[in-house]
**Student:** 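First, the structure itself, so that you have it in front of you.
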Amino acid sequence: MRLEVLPDPMAVAQRAAAFISEAAREAVQARGQFLLAISGGHTPLLMLRALSSDDVPWNAVHIFQVDERVAPAGDADRNLTHLRESLLDRVPLPQAHLHAMPVERADLGAAATSYAREMAAVAGDSRVLDLIHLGLGSDGHTASLIPGDPVLDIADRDVAITATYAGRRRMTLTFPVLDRAREILWVITGREKAWALARLAASDGSIPAGRVRGTDAVVLTDADAAPTPPKGSLTCHVNR
């Protein structure tokens with residue numbers, strides 16, 4: 001795991017966008033497409049706006065969701081709503097290349113199975129995504145892998161439905177698909193994340209984020225969230 005500490009959230013957003021853009025160009029050159037999964041929450045919104053202005057081969061990009069709240073289409077709680085406003089309405093991504101989680105279906109279990117099949121149809125037999133963007137909650141959750149949720153113990157499914165958390169059930173990618181990704185990009189800002197980031201850096205399995213495979217992972221964080229000094233198997237680079 002490699003940690004880059006940047007001065008503020010805007011610098012983190014710009015670095016994250018540049019990281020994704022470069023990964024996209026390399027993947028398209030190597031394999032003809034770029035499979036990207038984006039997490040929800042408010043932290044990545046600056047990153048998504050920055051990404052909309054970068055040099056990305058959008059016609060060869062497929063975007064998946066890491067997690068989504070069970071709510072009606074267009075609801076302010078939906079990650080897809082903010083993804084559209086911050087990125088999708090600004091870039092020429094082919095409509096068929098957006099793979100939105102089908103949380104509006106009545107049978108959520110069947111919807112999760114359907115989404116896993118959709119990912120596999122694009123990714124092929126390996127079911128490997130090129131880059132998964134993850135955030136970090138102050139309680140140590142990532143994606144919608146919440147402390148104490150039974151979904152944490154799933155080893156045979158790539159997509160699952162959580163119990164209610166903060167008023168909503170969620171659809172989320174599970175540890176198996178996160179751990180297969182070619183790269184993981186963590187984007188973490190804010191002083192309230194410092195405790196959880198220190199646990200992540202130490203690969204502390206007592207928090208969900210600490211259970212994600214750390215190999216080929218990059219953490220972009222601001223000075224407020226950065227652990228001091230870095231702990232565990234973390235290589236730190238400070239950008240000033």
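Quick caveat: nothing in here was measured; it's all calculated off a predicted structure.
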**Student:** L220, L46: one ILVMFWY side-chain cluster at the under-4.5 Å cut-off?
**Tutor:**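 Shared cluster, no.
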
**Student:** Could you please spell out the steps behind the side-chain contact (heavy atoms from CB on, under 4.5 Å) verdict for I38 and F64?
**Tutor:** CA-CA 6 Å; I38 298 176; F64 297 88; over 6 Å; no

**Student:** Check whether any side-chain N or O of H82 sits under 3.5 Å from a backbone N or O of P44 as a donor-acceptor pair, and report yes or no.
**Tutor:** no

**Student:** Is D125 atom CG crowded by more than 12 heavy atoms from other residues, nucleotides or ligands, each under 6.0 Å away?
**Tutor:** no

**Student:** The test is salt bridge (charged side-chain N to carboxylate O under 4.0 Å, His left out); show your working for R168 and D77 and say whether it passes.
**Tutor:** CA-CA 9 Å; R168 298 280 191 188; D77 275 354; 3.0 Å; yes

**Student:** If you compare all heavy atoms of F34 against all heavy atoms of A27, which two are closest, and at what distance to 0.1 Å?
**Tutor:** CD1-CB, 3.6 Å

**Student:** Can you name the residues that form a side chain to side chain donor-acceptor pair (under 3.5 Å) with D179, not counting sequence neighbours?
**Tutor:**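 Not a single residue meets the side chain to side chain donor-acceptor pair (under 3.5 Å) criterion with D179.
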
**Student:** Please enumerate all residues that pass side chain to side chain contact (heavy atoms under 4.5 Å, CB included) together with E118, with sequence neighbours excluded.
**Tutor:** H99, Y115

**Student:** Report the distance from atom CZ of R25 to atom CG of D55, rounding to the nearest 0.5 Å.
**Tutor:** 5.0 Å

**Student:** Report the distance from atom CG of L88 to atom CG of L80, rounding to the nearest 0.5 Å.
**Tutor:**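 One gets 7.0 Å once the value is rounded to the nearest 0.5 Å.
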
**Student:** Regarding R211 and T142, do their side chains bring together a donor and an acceptor under 3.5 Å, going by distance alone?
**Tutor:** no

**Student:** Specify the closest pair of heavy atoms between V66 and M101, including all atoms of both residues, with the distance to one decimal.
**Tutor:**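 What the structure gives for the nearest pair is O-CE, 3.5 Å.
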
**Student:** Which pairs with one or both residues in residues 26-44 pass side-chain hydrogen bond (donor to acceptor under 3.5 Å, both in side chains), sequence neighbours excluded?
**Tutor:**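 Found R31-D130.
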
**Student:** Just wondering, do M119 and R127 contact through their side chains at under 4.5 Å, heavy atoms?
**Tutor:** no

**Student:** Is the backbone N or O of D75 less than 3.5 Å from a side-chain atom of T81, with the two atoms forming a donor-acceptor pair by type?
**Tutor:** yes

**Student:** Should R78 and P72 count as side-chain neighbours, where that means a heavy-atom distance under 4.5 Å?
**Tutor:** no

**Student:** Taking all non-hydrogen atoms of both residues into account, name the closest pair between A163 and D149 and its distance.
**Tutor:** N-OD2, 3.0 Å

**Student:** Restricting to side chain to side chain donor-acceptor pair (under 3.5 Å), what partner residues turn up for Q65, sequence neighbours left out?
**Tutor:** E68

**Student:** Using a 4.5 Å cut-off on heavy atoms from C-beta on, say whether the side chain of I20 contacts that of M47.
**Tutor:** yes

**Student:** Return the minimal non-hydrogen interatomic distance between D139 and P147, and the atom names on each side.
**Tutor:** O-CG, 3.6 Å

**Student:** Given side chains that start at C-beta, do those of V56 and V91 come closer than 4.5 Å, heavy atoms only?
**Tutor:**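 Sidechains of V91 and V56: no contact.
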
**Student:** According to a hydrophobic-cluster definition based on side-chain heavy atoms being under 4.5 Å apart (Ile, Leu, Val, Met, Phe, Trp, Tyr only), do I207 and I132 belong together?
**Tutor:**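 Not linked; separate clusters.
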
**Student:** Quick one, L129 with H62, criterion side-chain contact (heavy atoms from CB on, under 4.5 Å). Give me CA distance, side-chain angles, the key distance, then yes/no.
**Tutor:** CA-CA 10 Å; L129 302 182; H62 287 260; over 6 Å; no

**Student:** Among residues two or more places apart or on two chains, list those pairs meeting ring-ring contact (aromatic ring centres under 6.0 Å, His included) that have a residue in residues 121-165.
**Tutor:**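 Matches after skipping sequence neighbours: H141-Y165.
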
**Student:** Would you name the heavy atoms of L51 and S21 that are closest together and state the gap between them?
**Tutor:** CD1-OG, 3.5 Å

**Student:** Check whether any side-chain heavy atom of M1 lies under 4.5 Å from a side-chain heavy atom of L200, and answer yes or no.
**Tutor:** yes

**Student:** Is a donor on one side and an acceptor on the other found under 3.5 Å between the side chain of R199 and the backbone of S206?
**Tutor:**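 Side chain of R199 to backbone of S206: no pair is present.
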
**Student:** Keeping the roles fixed (side chain from T174, backbone from D158), state whether a donor-acceptor pair exists under 3.5 Å.
**Tutor:** yes

**Student:** Do V159 and L152 sit in one hydrophobic cluster, given that two such residues count as connected whenever their side-chain heavy atoms are within less than 4.5 Å of each other, even indirectly?
**Tutor:** yes

**Student:** Verify, without hydrogens or angle tests, whether R180 (side chain) and V128 (backbone) share a donor-acceptor contact under 3.5 angstrom.
**Tutor:**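 Here the side-chain-to-backbone pair does not exist.
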
**Student:** Looking only at the side chains, is there a donor atom on one of T172 and D67 sitting less than 3.5 Å from an acceptor on the other?
**Tutor:** no

**Student:** Distance from L6 atom CG to Q14 atom CD, nearest 0.5 Å?
**Tutor:**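 The distance works out to 9.5 Å.
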
**Student:** Please name the pair of heavy atoms, one in V12 and one in D222, separated by the smallest distance, quoted to 0.1 Å.
**Tutor:** CG2-N, 3.6 Å

**Student:** Roughly how far apart are L131 CG and L134 CG, rounded to 0.5 Å?
**Tutor:** 9.0 Å

**Student:** Measure the spacing between CD1 of I161 and OG of S144 and express it to the nearest 0.5 Å.
**Tutor:**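 Result: 10.0 Å between the selected atoms.
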
**Student:** Are the side chains of R169 and L108 in contact, using a 4.5 Å heavy-atom criterion?
**Tutor:** yes

**Student:** Within the structure provided, determine whether S114 and R117 are in side-chain contact (heavy-atom separation under 4.5 Å).
**Tutor:**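 No, every pair of side-chain atoms sits at 4.5 Å or beyond.
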
**Student:** Are more than 12 heavy atoms, taken from residues, nucleotides or ligands other than R213, located less than 6.0 Å from that residue's CZ atom?
**Tutor:** yes

**Student:** Check whether any side-chain heavy atom of R49 sits under 4.5 Å from a side-chain heavy atom of L87, and report yes or no.
**Tutor:** no

**Student:** Apply the test side-chain contact (heavy atoms from CB on, under 4.5 Å) to residues L178 and L145: give CA-CA distance (whole Å), side-chain angles for both, the deciding distance (0.1 Å), then the verdict.
**Tutor:** CA-CA 11 Å; L178 301 185; L145 300 168; 3.8 Å; yes

**Student:** Should L173 and I146 be regarded as members of a common hydrophobic cluster, given that ILVMFWY residues are connected when their side-chain heavy atoms come within less than 4.5 Å of each other, either directly or indirectly?
**Tutor:**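 No; tracing contacts between hydrophobic side chains, which count when under 4.5 Å, never links both residues.
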
**Student:** Would you compute the distance between atom OG of S53 and atom CG of L48 and round it to the nearest 0.5 angstrom?
**Tutor:** 11.5 Å

**Student:** Can you give each donor-acceptor pair under 3.5 Å made by side-chain atoms of residues 184-198, sequence neighbours left out, with the distance rounded to 0.1 Å?
**Tutor:**
{"from": "R191", "atom 1": "NH2", "to": "D224", "atom 2": "OD1", "distance (Å)": "3.1"}
{"from": "K193", "atom 1": "NZ", "to": "L136", "atom 2": "O", "distance (Å)": "3.0"}

